[in-house]
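A short write-up of the structure that comes next.
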Amino acid sequence: MLEIAELSVQYRRGRTPAIRDVSLTLESEKLIVVGANGSGKTTLIRAVLGLAPISSGTVRVFGEDVRTTRGTASVSTNLADVYRLVSLPVRDLLPVFARLKAVDLAPLLDRVREFEIEDALDKRIFELSTGQQKLVGDLLAVSRGSGLVLLDEPFDNVDFSRRRRLARLLQELPAEVLLSTHELELLRLFENWRLAFMFEGRLFGPFPTAEVDRLYLARGRQPGALAVIETSVGMFSVTLDHGDIPVKSATSLNALVEAIA
Amino acid sequence: MNLGAAYSKSLLTNGSLWFWGAAFMLFWIVIGAYVESSGYQLSGPGLSEYAGAWYAVVVLLSLSMLAIAIANSLTYGSAALAYAFRYTTLTPARYLGAVVLASAIFGLILGFVILGGTVAIFGARFHAAIVPSNVPALVAVSLGAGVFYMALATNLMLLVINYLGLRSASMVGYVPLLLSYAFGLGQAFTTLPTWLLYGSPYNDITSLLYQGFTGAPVPVMLGSSDSVTLAWPLLVVGLAAWTVGLAVTATILLRRIRARNLEEGRQI
């Protein structure tokens with residue numbers, strides 16, 4: 001269970017916070033956070049992992065504050081940074097993390113074979129292509145035993161065939177998932193998940209992804225809006241069944257915001 | 001594979017560390033045997049003491065390369081450690097244990113490489129068989145020195161990671177090496193006060209290696225015929241106290257480790 005209350009993250013004093021007043025609860029469910037590049041999605045995940053400086057608010061994972069939690073092995077992520085514990089080929093790194101996470105190594109290796117990235121095994125993390133690096137992180141993140149999986153752009157630079165396999169895997173994953181992406185088209189792969197938008201460090205939603213076909217963005221503050229989003233390029237509303245631009249028409253949130261601004 | 005084995009494998013397959021920690025240090029042994037000793041005619045205890053002084057100082061420099069490697073790996077792994085302490089079964093004590101194991105193994109290997117090099121190169125130069133007096137003691141000191149350097153490097157780099165920021169990392173990473181040169185060469189070429197020799201872990205290491213190599217009491221200035229000598233039990237106590245103290249503070253600092261972005265370390 002993930003509980004975020006009024007979270008703000010500021011990397012340096014005097015600078016604009018990377019995320020502001022974000023509140024979110026995730027309990028036995030899966031959430032996609034869609035946001036433009038630089039909107040704060042990765043920072044949100046890093047804050048949950050205890051890797052970003054929390055300036056105010058709280059993040060609790062399975063009831064424990066991330067600032068003080070220790071040894072909670074049921075949280076995992078695909079961020080490559082966290083797997084740079086030792087400079088060894090992936091073949092040697094997998095057993096290290098399997099042991100630290102107290103999970104079986106065999107299913108992890110099976111997944112590597114299933115996704116046909118065996119050639120990644122003989123390379124160090126930094127030697128992998130961006131797509132391979134992402135996939136290795138994804139597969140480590142979804143290893144058995146994780147109760148909360150945090151995935152930052154898990155499909156970036158991953159080819160179509162593996163995307164489908166990964167999406168199926170995530171659908172079937174018996175864990176809470178927080179997945180961040182800038183690709184709106186991915187929403188169709190996860191119709192029973194919840195959806196939130198992230199703009200300039202603030203989180204809006206959640207909305208049911210099943211209704212993505214009915215979601216619109218409209219300029220200004222609209223009566224009956226599901227959410228009103230204030231950004232530096234203007235204010236707009238998330239509305240149901242009517243509005244200026246259907247969310248499904250855009251491939252990315254960047255394009256959507258540009259179109260409506 | 002456990003983390004101790006992983007770190008050991010990582011160090012043992014680090015070509016750069018082998019070059020700077022072993023090959024480059026053998027170059028200094030060659031300098032000691034063929035350049036610095038030009039005109040010397042040494043044999044017997046005199047030769048052993050001269051070779052022992054070079055051996056002791058060069059091991060110190062070699063181990064400081066190990067410290068630099070450990071310090072650098074910490075800057076690259078700050079996010080991984082911050083994550084691992086929260087969301088895996090790894091604890092700061094287990095992490096330190098793993099690095100202690102790897103450092104001790106590599107420290108021992110470096111110690112043996114320099115020892116073999118000293119015996120062979122000085123032996124060839126002076127046409128004499130040089131036999132180290134107490135190899136088990138040299139093994140023990142090399143292991144302990146490896147652990148000391150690990151603890152020192154870990155502390156220095158954690159201070160950078162937690163409080164100073166990575167901009168200082170590349171400079172601070174060289175502190176163990178600079179201090180090794182200062183204290184090691186200081187003891188080889190000048191007369192340092194005895195309180196400093198006992199209190200400085202660098203000189204504790206150098207002195208213990210010298211005594212293990214030569215079998216003779218350690219003079220205040222290595223290789224000299226100074227009548228004032230150092231008591232090895234106090235040297236052991238000095239080194240152990242520094243190592244344990246630094247290990248304790250490293251554990252405390254590790255609990256507070258911050259995930260740093262490597263870009264912070266960029267100088268230009």
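Each chain gets a letter, A, B and so on, in the order its sequence line appears, and its residues count up from 1. Treat the numbers as computed from the prediction; the structure is a model and nothing was measured.
- The contact between Leu88(A) and chain B is made entirely by side chain atoms (from C-beta outward), counting heavy-atom distances below 4.5 Å.
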Arg70(A) vs Thr91(B), side chain to side chain contact (heavy atoms under 4.5 Å, CB included): CA-CA, chis, key distance, verdict: CA-CA 8 Å; Arg70(A) 292 285 180 270; Thr91(B) 62; over 6 Å; no
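- Within a 6.0 Å radius of CD in Glu6(A), no more than 12 heavy atoms belonging to other residues, nucleotides or ligands are found.
- Only the side chain of Arg124(A) comes within less than 4.5 Å of a heavy atom of chain B; its backbone N, CA, C and O stay farther away.
- Note: Arg84(A) leads Arg84(A), Glu64(A), Arg67(A) in heavy-atom pairs under 4.5 Å with chain B.
- Across all non-hydrogen atoms, the minimal contact from Ala79(B) to Asp81(A) is CB-CB, 4.0 Å.
- Residue Arg260(B) does not touch chain A at all, counting heavy-atom pairs closer than 4.5 Å.
- When all heavy atoms of Ala6(B) and Val86(A) are compared, the pair lying nearest together is O-CG2, 3.8 Å.
- Closest heavy-atom contact between Met1(B) and Arg99(A): O-CD, 3.6 Å.
- Within 6.0 Å of the CH2 atom in Trp242(B), the count of heavy atoms belonging to other residues, nucleotides or ligands does not exceed 12.
- For Ser146(A), no part sits under 4.5 Å from any heavy atom of chain B, backbone or side chain.
- When all heavy atoms of Thr69(A) and Arg86(B) are compared, the pair lying nearest together is O-CG, 3.4 Å.
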Stepwise side chain to side chain contact (heavy atoms under 4.5 Å, CB included) test for Leu81(B) and Leu85(A): CA-CA 7 Å; Leu81(B) 286 172; Leu85(A) 200 53; 3.4 Å; yes
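- With a 4.5 Å cut-off on non-hydrogen atoms, Arg46(A) touches chain B through its side chain but not through its backbone.
- Contact detail for Thr88(B) and Leu100(A): the closest heavy-atom pair is CB-O, 3.5 Å.
- Smallest separation of non-hydrogen atoms from Ser87(A) and Ser10(B): O-OG, 3.4 Å.
- Other residues, nucleotides and ligands contribute over 12 non-hydrogen atoms within 6.0 Å of the CZ atom of Arg165(A).
- Residue Val66(A) touches chain B through both its backbone and its side chain, counting heavy-atom pairs closer than 4.5 Å.
- The parts of Ser76(A) that come within reach of chain B are both its backbone and its side chain, each placing non-hydrogen atoms under 4.5 angstrom from that chain.
- Ranked by heavy-atom pairs shorter than 4.5 Å toward chain A, the options Phe85(B), Tyr7(B), Tyr87(B), Tyr83(B) are led by Tyr87(B).
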